[in-house]
Amino acid sequence: MAMIPSFFDNRRGTIFDPFTWEPFKDFPFPPSSLVSHENSAFVNTRIDWKETPEAHVFKADLPGLKKEEVKVEVEDERVLQISGERNVEKEDKNDTWHRVERSSGKFLRRFRLPENAKVDEVKASMENGVLTVTVPKEEVKKPDVKAIEISG
């Protein structure tokens with residue numbers, strides 16, 4: 001057995017504990033303490049996009065945000081942009097934090113709207129931390145069909 005290399009940092013004779021094992025500790029990833037909290041808000045902003053016969057409907061979960069802290073814009077004619085910022089909770093020196101999982105910082109999501117979107121009629125509303133953006137659709141114009149008489 002001494003000739004077989006160990007896959008667990010040469011910890012021969014110790015019991016393997018899957019709850020404390022760090023499989024990626026030797027990879028060149030930055031430690032989690034160095035990852036920006038601004039990125040976590042960007043990643044965690046979930047948005048659903050559904051298409052109905054009348055419109056494209058976007059719903060974003062933005063708990064704790066007021067409508068004044070969220071911006072909805074249409075840029076470059078057909079790019080819907082939803083952005084905002086979650087502020088960091090003020091820290092009191094007497095507080096002891098045990099876990100911080102709620103994200104804070106800026107977020108930004110962009111969606112290229114299809115050709116049938118009426119970008120000048122976009123409406124947005126916010127209720128109970130859910131932003132709903134409705135982009136009406138133009139009616140699909142059916143091509144005119146002209147019957148041609150066949151001679152002969």
Exercise. V79 versus L113: any side-chain heavy-atom pair under 4.5 Å?
Worked result: no
For this session: Calculate, to the nearest 0.5 Å, the distance between atoms CD and CG belonging to E77 and D120 respectively.
Result: 11.0 Å
For this session: Determine the interplanar angle of the F58 and F111 rings, folded into 0 to 90°, and report it as parallel if under 30°, tilted if 30 to 60°, perpendicular if over 60°.
Result: tilted
Exercise. CZ of R109 to CD1 of I47: how many Å apart, nearest 0.5 Å?
Worked result: 4.5 Å
Exercise. Quick one: does K118's side chain have a donor or acceptor within less than 3.5 Å of a partner on A55's backbone?
Worked result: no
Problem set entry | Non-hydrogen side-chain atoms of K50 and K59 separated by less than 4.5 Å | no
Exercise. Do W49 and V122 belong together in a cluster built from hydrophobic side chains that touch within less than 4.5 Å?
Worked result: yes
Problem set entry | Distance, nearest 0.5 Å, that separates CG of D48 from OG1 of T132 | 10.0 Å
Exercise. Side-chain contact, heavy-atom cut-off 4.5 Å: N116 with H56?
Worked result: yes
Problem set entry | Inter-residue atom distance I82.CD1 - L131.CG, 0.5 Å rounding | 5.5 Å
Exercise. Is the closest side-chain heavy-atom distance between P63 and R86 below 4.5 Å?
Worked result: yes
For this session: Can you establish whether the number of heavy atoms outside E75 located under 6.0 Å from its atom CD is more than 12?
Result: yes
Seminar exercise, completed: For K137 and T52, the nearest pair of non-hydrogen atoms, with its separation, is NZ-O, 3.0 Å
Exercise. Side chains of L65 and M126: does their closest heavy-atom pair fall under 4.5 Å?
Worked result: yes
Problem set entry | Straight-line distance of F107 CZ to R46 CZ, nearest 0.5 Å | 13.5 Å
Exercise. Could you give the distance from CD (E54) to CD (E51), rounded to the nearest 0.5 Å?
Worked result: 10.5 Å
Problem set entry | Side-chain ion pair, E115 and R78, N-O less than 4.0 Å | yes
